[in-house]
Amino acid sequence: MVPGAGPRRAAHAQSTPHSLTGISGKSQVLFAVVFTARYLDLFTNYISLYNTCMKVVYIACSFTTVWMIYSKFKATYDGNHDTFRVEFLVVPTAILAFLVNHDFTPLEILWTFSIYLESVAILPQLFMVSKTGEAETITSHYLFALGVYRTLYLFNWIWRYHFEGFFDLIAIVAGLVQTVLYCDFFYLYITKGSQRGGPAARHPVPSPAPTLRGAQALSP
């Protein structure tokens, strides 16, 4: 699971000399906000035990990641380079959620907000990578996994539209935006890996771009 990648990355960092170098705490906070806003319906809308458990796991993993970065591994967190102004992401996506949604109800607005915010939540991480000019292998793998995760969702939407007639324009457009933002990093990840016979220990990274994350299987 991608949400669990953050805590595993932090745990791995404890035994490495670079520790949390290259990890953006701000991106992880945004992901925690995304999943909290999206899965508040777990108190009002029961679908299945699996669905409920997975929602709890997503939220728990997100806040565990934030706790590890800002508490347990705080001494190794590189806050000096994690300087992206997240209010420039939160405020516009919140306003857009009020203006463009499927139904003007609290839970629907929160769900829509989570979709919009998720599409750009990785920006602080990519901004941090571009600012430092390089990324450790495990950070690169983490970003690559997020991008692949999102790209697979595009195929999931195609499948659902073809076999179920399901079509959610908000989720699809947001997913496309996030995937496009990852394209620069994908290109760099693949070319650097092929040049060195595999992903490098530390990838030089010219200014990349960002992501999203959805969980339509759990709630969209």
Novice: Please lay out, stage by stage, how Trp111 and Asp41 fare under the test side-chain contact (heavy atoms from CB on, under 4.5 Å).
Specialist: CA-CA 9 Å; Trp111 178 85; Asp41 69 340; over 6 Å; no

Novice: Do Tyr116 and Ile170 make a side-chain contact, defined as non-hydrogen atoms from C-beta onward lying under 4.5 Å apart?
Specialist: yes

Novice: Determine the minimum heavy-atom distance between Ser62 and Phe35, stating which atoms define it.
Specialist: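 Nearest heavy atoms, Ser62 then Phe35: OG-CD1, 3.0 Å.
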
Novice: Rounded to the nearest 0.5 Å, how far apart are OG1 of Thr65 and CZ of Phe31?
Specialist: 10.0 Å

Novice: Taking atom CZ of Phe43 as the centre, does the number of heavy atoms from other residues, nucleotides or ligands within less than 6.0 Å exceed 12?
Specialist: no

Novice: If you count the non-hydrogen atoms of other residues, nucleotides and ligands that lie under 6.0 Å from CZ in Phe163, is the total more than 12?
Specialist: yes

Novice: Is there a side-chain contact between Lys26 and Phe127 in this structure, where contact means two heavy atoms from C-beta onward sitting under 4.5 Å apart?
Specialist: no

Novice: Supply the atom-to-atom distance Leu107 CG to Thr112 OG1, rounded to the nearest 0.5 angstrom.
Specialist: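 The distance works out to 10.5 Å.
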
Novice: May I ask you to check whether over 12 heavy atoms, not counting those of Phe98, lie within 6.0 Å of atom CZ?
Specialist: no

Novice: Which pair of non-hydrogen atoms, one from Tyr70 and one from Gly25, has the smallest distance, and what is that distance?
Specialist: OH-C, 3.2 Å

Novice: To check you understand the geometry: which heavy-atom pair defines the closest contact between Asn51 and Ser48, and what is its length?
Specialist: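 What the structure gives for the nearest pair is N-OG, 3.1 Å.
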
Novice: With rounding to the nearest 0.5 Å, note down the distance linking CD1 in Ile115 to CZ in Arg38.
Specialist: 4.0 Å

Novice: If we ignore hydrogens and angles and just use 3.5 Å, is the side chain of Ser27 paired with the main-chain N or O of Gln125 as donor and acceptor?
Specialist: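 Present.
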
Novice: Using a strict cut-off of less than 4.0 Å between a Lys/Arg side-chain nitrogen and an Asp/Glu carboxylate oxygen, indicate whether Asp168 and Arg160 qualify as a salt bridge.
Specialist: no

Novice: When clusters are formed by joining ILVMFWY residues with side-chain heavy atoms under 4.5 Å apart, either directly or through shared neighbours, do Val86 and Phe63 land in the same one?
Specialist: yes

